[in-house]
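Written out below as structure tokens is the structure these notes cover.
This structure is a prediction, so every number in the text was calculated from the model and none was measured. Atoms within each ligand, like the ligands themselves, are counted from 1 in listed order. All residue numbers in this chain count up from 1 along the given sequence.
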Amino acid sequence: MDLKIGVIGAGAIGRDHMNRIMTKLQGAKIVAVSDIHGDSARAVAEQYDARFCETGEELIASRDVEAVIVTSWDPTHEKYVLEAIRHKKYVFVEKPLAVSAEDCRKIVDAEIAGGKQLVQVGYMRRYDSGYTQLKEAIRSGTYGAPLMLHCAHRNASADESYTTAMEVENSAVHEFDVLRWLLDEDYDSARVSFAKKTRHSHENLHDPQLIQLSTKSGVLIDIEVFVNCQYGYDIKCEVICEDAVISLPEPSNPQIRSKAARSVEIFTDWKKRFAAAYDTELQLWINATREGRVDGPSAWDGYMATYTATICSQARDSGETISFQTEEIPEFYKKG
Ligand code: ISE
């Protein structure tokens, strides 16, 4: 029997996920859709022969909704995840878990109080084949311990709605989660610097920025965030180990020889660059949910990513190096 999913948020990524569930993935179907823009939700609901719900709360409470996907506006994530926990329903929430560390902590506390893990957060890079190969190479120990990481998170362009704070809080949160997973350790301190501002930016966006993190074991990480790089959507990760340098593979787009030149397409859309990772992430979420488990990034991982963004924002605004004051991961979230 297919897992019956209700989706709150019929924007770009919500529609992307509904399309993959209904056309590519196995074992689930969309039965309800809600969005503050009723017309878009009604249109999508009709497309999938699903029900339109006036509110997210109505959708979560619906008896025919067995699991919930939250792809609504970031500031609404917390209330819908807490409501899903209250109804004891599995919930997949797109990043971030919540917009503040305090709100993330409320979700962690509610999930622990409920006694069962129900929440997975949409940090899809853990499912990207390039990152999983990087993690396996590090885990193997063949190349010695990681010492430093050089990363870049480049978007082709950012509109007026994209602000200085979003480089840390909206974009680099992906690195904060995936690098913590890659190295299997927490961060110790953070520093954020502004590079010379590109002319392609606008008044409310200082771009590019350089984020420097150190981990508890002393690994040094630098993350360039450049959201007006002009040429495309480009994600880099180079791991400097004791006996080798291991780099994130480029996406396997074909090399075109034409007009006395060679070229390889560079994605311009992050939803296309990580399409396969989203497919794997949601298929595994469907499988685990049907078996009553949470295998992916937990509410604690979501809390750690948003907490890291909070510390980096403090570092950016103060110009200082800020130390992390993280507690041990609760037993409730320890794997294995
Ligand atoms: C966007 O919100 C995302 O989540 C993308 O994955 C990220 O790469 C992009 O920079 C963000 O703006």
Does ligand 1 come near enough to Tyr162 that some N or O of the ligand is less than 3.5 Å from an N or O of the residue?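 Looking only at distances, the answer is no, because the N/O contact criterion of under 3.5 Å is not met.
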Hey, is ligand 1 close enough to Tyr278 that some N/O pair sits below 3.5 Å?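 Between Tyr278 and ligand 1 (N or O atoms, distance only) the closest approach is not under 3.5 Å.
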Looking only at protein heavy atoms, which one is nearest to atom 12 (O) of ligand 1, and what is the separation?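 Protein heavy atom at minimum distance: Asn170 OD1, 2.7 Å.
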Nearest to atom 5 (C) of ligand 1, what protein heavy atom do you find, and at what distance?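 Checking every protein heavy atom, the shortest distance to atom 5 (C) of ligand 1 gives Trp270 CD2, 3.4 Å.
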In terms of its nearest heavy atom to atom 10 (O) of ligand 1, the top option of Ser171, Pro96, Ala12 is Ser171
Can you tell which part of His174 has a heavy atom less than 4.0 Å from ligand 1: side chain, backbone, both or neither?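 Looking at His174 and ligand 1, just side chain atoms fall under 4.0 Å.
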What part of Tyr233, side chain, backbone, both or neither, has a heavy atom within less than 4.0 angstrom of ligand 1? side chain
Can you tell me if Thr306 uses its side chain to pair, donor with acceptor, with the backbone of Val99 under 3.5 Å? no
Does some non-hydrogen atom of Lys95 fall short of 4.0 Å from ligand 1?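 In this structure, Lys95 qualifies as a contact of ligand 1 - some heavy atom is under 4.0 Å.
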Below 4.0 Å from any atom of ligand 1, is there a heavy atom belonging to His153?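 Yes, His153 has a heavy atom closer than 4.0 Å to ligand 1.
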Test of understanding: clusters of I, L, V, M, F, W, Y form through side-chain heavy atoms closer than 4.5 Å, transitively. Do Val192 and Tyr187 belong to the same one?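 Yes.
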Please report whether the ring centroid of His153 lies less than 6.0 Å from that of Phe226.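 Between Phe226 and His153, the centre distance exceeds or equals 6.0 Å.
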For Gln117, the option from Asp295, Ile112, Val294 that meets side-chain contact (heavy atoms from CB on, under 4.5 Å):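 Testing each of Asp295, Ile112, Val294 against Gln117, the sole residue satisfying side-chain contact (heavy atoms from CB on, under 4.5 Å) is Val294.
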Sequence neighbours left out, what passes ring pair (Phe, Tyr, Trp, His ring centres under 6.0 Å) with Phe274? Give chain and number order. none
Assess whether side-chain contact (heavy atoms from CB on, under 4.5 Å) is satisfied between Arg293 and Tyr90, documenting all intermediate values. CA-CA 9 Å; Arg293 292 191 325 271; Tyr90 286 96; 5.9 Å; no
With heavy-atom distances below 4.0 Å as the criterion, list the atoms of ligand 1 near Asn155.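 Listed by number with element, the hits are 9 (C), 10 (O), 12 (O).
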Determine all donor-acceptor pairs shorter than 3.5 Å in which one atom belongs to a side chain in residues 235-245; sequence neighbours excluded.
unit_1: Lys236; atom_1: NZ; unit_2: Glu250; atom_2: OE2; d: 2.7
unit_1: Glu242; atom_1: OE1; unit_2: Ala145; atom_2: N; d: 2.6

